[in-house]
Protein chains: 4
Amino acid sequence: MPKLGMEPIRRDALVAATIHEIGTKGSLDVTVGQIARRAGVSPALAHHYFGTKEAIFLSAMRHIMSIYAGEVRAALAGAETPRARVEAIVRASFAPSNFRREVIASWLMFYLSAQTVPEAARLLAVYKGRLASNLRHSLRPLLGPHATEAAEGIAAMIDGLYIRQGLAPGAQDAGNAANLVLDYIGRLVEARP
Amino acid sequence: MPKLGMEPIRRDALVAATIHEIGTKGSLDVTVGQIARRAGVSPALAHHYFGTKEAIFLSAMRHIMSIYAGEVRAALAGAETPRARVEAIVRASFAPSNFRREVIASWLMFYLSAQTVPEAARLLAVYKGRLASNLRHSLRPLLGPHATEAAEGIAAMIDGLYIRQGLAPGAQDAGNAANLVLDYIGRLVEARP
Amino acid sequence: MPKLGMEPIRRDALVAATIHEIGTKGSLDVTVGQIARRAGVSPALAHHYFGTKEAIFLSAMRHIMSIYAGEVRAALAGAETPRARVEAIVRASFAPSNFRREVIASWLMFYLSAQTVPEAARLLAVYKGRLASNLRHSLRPLLGPHATEAAEGIAAMIDGLYIRQGLAPGAQDAGNAANLVLDYIGRLVEARP
Amino acid sequence: MPKLGMEPIRRDALVAATIHEIGTKGSLDVTVGQIARRAGVSPALAHHYFGTKEAIFLSAMRHIMSIYAGEVRAALAGAETPRARVEAIVRASFAPSNFRREVIASWLMFYLSAQTVPEAARLLAVYKGRLASNLRHSLRPLLGPHATEAAEGIAAMIDGLYIRQGLAPGAQDAGNAANLVLDYIGRLVEARP
DNA sequence: AATGAATGAGGATTCATTCAT
DNA sequence: GATGAATGAATCCTCATTCAT
């Protein structure tokens, strides 16, 4: 009987290597060879398990998204009021597992590849739809008809902080970033005289 | 007037072609051949004038930045109060000459290339520094010590709206985007009870 | 009876799969993986039993030739006159077990591989020699010194009908093909005024 | 001004190199690199002028067919009677420019590639249609309703002699081959008692 | 000023084959 | 007996870049 069960191990290693390489390079110009080398395997094996480079990238994208989704789910679990829910979503976005430079860089790369790769576009649309819907749903009780545009503003600010984190030189402070959004939410929600 | 040489004409055409191609493709995967073809010249000529592909990209980046800078300068010219200045900067960011899909896509590509190309990083840093300084300077009289973080929030939201415009399917409304930022500024500036 | 080992079963399955795949693709561009998959085994097993891809092909070639040889032998068994012998050989060439598209395609592929693979060339030479000698031998009593060239003409026509059957789109009629050759033989044999 | 007019020269050289390499190898397993090397250029240039390997092959196929067509046209020019026309077609098929080993090997390779490449199939169908129609047309006055099947027999014999010339070891005699077909035609045409 | 000609370097992908279990 | 794991070698193709004219 042959050696067994390597597939999930290799797949995970290759996905991790992909994220690492994209994060390091800060660009999508990553070769299968580089990914494979970092994962400690041959380029041929990468193709053996994934078929194409695009499939590797998509797997990495799904991995990142599932981490994010888990973070959001966990954060929402303990949130009872609408406002707490909004804040939970924001905090999840800046959780350490998400807000690492390499993860964010990958995020942005997938944003980019969605321009070209239909499946990437689909995945991204799902994520964006879910985020917007989550935000709107929680904001509605607080802001009524203004919930939609508030959700847009919040999502935009999050994306902006992401791009600055992912592409700017020098790591930034996740807490600080989260606070900026939370402050914005405070201003949106709290009645003005 | 002396008869103009072809050089500036060709350079401009190539820069315009670069922006167009990046905007169309939505990615940095643009070849010198594509750029040259769109500009109606041979790839060899592109190299003749620019030396390298990177130099073509940098020229395009400078072009976009100078348009943006002009727009900001013009907007600031008519602004008398601090708040008007802040709003002018924002409006300039969403002026039609900037907030076109292809221009924004190029913007983001340059953001990306700053990861790899030192000169691009330098240019981007200059721009960001100027934007932040402009915002801070105008916000200071209104927000005092909170000006810095307010400037960060505003800049982040602008970037976020840009990325959504540049990479999302379906053109968006510049006016709507500007209003989101202006509303945010309003909430920042207006005193809360 | 001893329990049969798996070896002959696997070998047969792989040979059959090889012929099937070549016939389906209509080309020699068949991978060991495809052959193994059709045979329901792993590519590694194919190598285990045959050593190399070339050996698999040669086995398939031998298989086809032995079927052909059996068909000829059977046909000759009932033939008593020289002319009946010639016709038996022709009929065997167009017997259903030979004149199937996939078998003929394989035939031609082996013709091809004889260009490169010495052992294939040897096998093919044996077959051609036997066919020619069979034909000549039977034609001699009828045509005397012209037997050799008549045998050449007949063999060529058979090959030509094969290539048209094996490589032309749309299955053809074996009976019709056989009749063409038989008619030719009639014209060769029957005295002209 | 650049060096000019190389394109047709290179294209011709590459087509010739393709035929040569296929003829030498006796198989379609010819790489672009080999073709380019024989043509004295880089593989990249071959792609520059032809785009794909398939396109190179198709060009070579068209080249061979046009030579053949020219040969037939020339032979038919001097033929006045139906029988002379039939014989002219046959002689053209065995003219020295066609019946060279490398040309015939290429012929057969294209026969093969027609299995896979639609455009090759189309070209081959055109050739076969023209040949059959030429033969039928000339045979009709001589054989009436039997013309069709006679044409089939003749075409098959020609193909058979081709495959033997193209794939058999040791060059054969074109004159001998032609005579076999001419003799066959004689037997088809001349009345039997 | 401009370009056709040409290529070296590199990258995705395929595949026969080997090996440890 | 059988196979999953793994890879080296090869192939097509792309592209920035150079050069002679």
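Chain A is the first sequence line, chain B the second, and so forth, proteins listed ahead of strands; every chain is numbered from 1.
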**OP:** Return the 5'-most residue of the pair C:Val30, D:Gly40 with respect to DNA chain E, ranking by each residue's nearest nucleotide.
**Re:** D:Gly40
Original post:
Taking for each residue the nucleotide of DNA chain E bearing the nearest heavy atom, is the 5' side occupied by B:Ala46 or by A:Thr31?
Top reply: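 Its nearest nucleotide being more 5', the pick is B:Ala46.
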Could you check how far [atom1] of [X] sits from [atom2] of [N], rounded to whole Å?
X: A:Asp29; N: E:dA9; atom1: CG; atom2: C1'; answer: 15 Å
X: B:Glu21; N: F:dC15; atom1: CD; atom2: P; answer: 12 Å
X: D:Arg37; N: F:dT11; atom1: CZ; atom2: C1'; answer: 12 Å
X: B:Glu54; N: F:dC15; atom1: CD; atom2: P; answer: 18 Å
X: C:Phe50; N: E:dC15; atom1: CZ; atom2: C1'; answer: 19 Å
X: B:Ile35; N: F:dT17; atom1: CD1; atom2: P; answer: 11 Å
X: A:Ile9; N: F:dA5; atom1: CD1; atom2: C1'; answer: 11 Å
X: B:Phe57; N: F:dA16; atom1: CZ; atom2: C1'; answer: 12 Å

**OP:** Start with the C-alpha gap between D:Leu28 and C:Leu112, add the side-chain angles, then the distance that decides, and say whether side-chain contact (heavy atoms from CB on, under 4.5 Å) holds.
**Re:** CA-CA 9 Å; D:Leu28 277 176; C:Leu112 255 180; over 6 Å; no
Under-4.0 Å side-chain N/O to phosphate OP1/OP2 contact, [X] with [N]:
X: C:Arg10; N: F:dG1; value: no
X: D:Tyr49; N: E:dG4; value: no
X: D:His47; N: F:dT14; value: no

Side chain of [X] only, please: which of [options] is the nearest?
X: B:Ala44; options: E:dT18, E:dT3, E:dA2; value: E:dT3
X: C:Val41; options: E:dA6, E:dT17, F:dT3; value: F:dT3
X: B:Leu45; options: E:dT18, E:dA2, F:dC13; value: E:dA2
X: C:Val32; options: F:dT14, E:dA16, F:dC13; value: E:dA16

Original post:
Which of parallel (below 30°), tilted (30 to 60°) and perpendicular (above 60°) describes A:Trp107 and A:Tyr127?
Top reply: tilted
**OP:** From the options C:Arg38, C:Lys25, C:Gln34, select the one residue that forms a side chain to side chain donor-acceptor pair (under 3.5 Å) with C:His20.
**Re:**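 Result: among C:Arg38, C:Lys25, C:Gln34, C:Arg38 is the only option passing the side chain to side chain donor-acceptor pair (under 3.5 Å) with C:His20.
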**OP:** Inspect the contact between A:Glu21 and A:Arg37 and indicate whether a charged nitrogen and a carboxylate oxygen are less than 4.0 angstrom apart.
**Re:**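 Salt bridge: no.
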Subject >> Short side-chain to backbone donor-acceptor contact, D:Arg10 and D:Tyr49, under 3.5 Å >> reply: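 Side chain of D:Arg10 to backbone of D:Tyr49, a donor-acceptor pair under 3.5 Å: no, none is there.
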Subject >> Closest-nucleotide 5' rank along DNA chain F - winner of B:Lys53 and A:Ser42 >> reply: A:Ser42
Original post:
Considering heavy-atom distances to DNA chain F, does B:Pro43 or A:Gly5 have its closest nucleotide positioned more toward the 5' end?
Top reply: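 So the residue in question is A:Gly5.
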Subject >> Ranges pairing with ranges for DNA chain F, where each run has three or more Watson-Crick or G-U pairs under 3.5 Å >> reply: E:2-21 with F:2-21
Original post:
Which part of the nucleic acid does C:Glu7 contact within heavy-atom distance under 4.0 Å: base, sugar-phosphate only, or nothing?
Top reply: nothing
**OP:** Would you classify B:His48 as touching base, sugar-phosphate or nothing, given that sugar-phosphate means primed atoms plus P, OP1 and OP2, and contacts are heavy atoms under 4.0 Å?
**Re:** sugar-phosphate
**OP:** Enter the distance from D:Arg100:CZ to D:Ser106:OG here, rounded to the nearest 0.5 Å.
**Re:** 9.0 Å
Subject >> Other residues, nucleotides, ligands: >12 heavy atoms within 6.0 Å of D:Glu7 CD >> reply: yes
**OP:** Evaluate the side-chain contact (heavy atoms from CB on, under 4.5 Å) criterion for residues A:Met6 and A:Ile9: first the C-alpha distance (whole Å), next the side-chain angles of each, then the deciding distance (0.1 Å), finally the verdict.
**Re:** CA-CA 5 Å; A:Met6 293 306 287; A:Ile9 297 174; 4.2 Å; yes
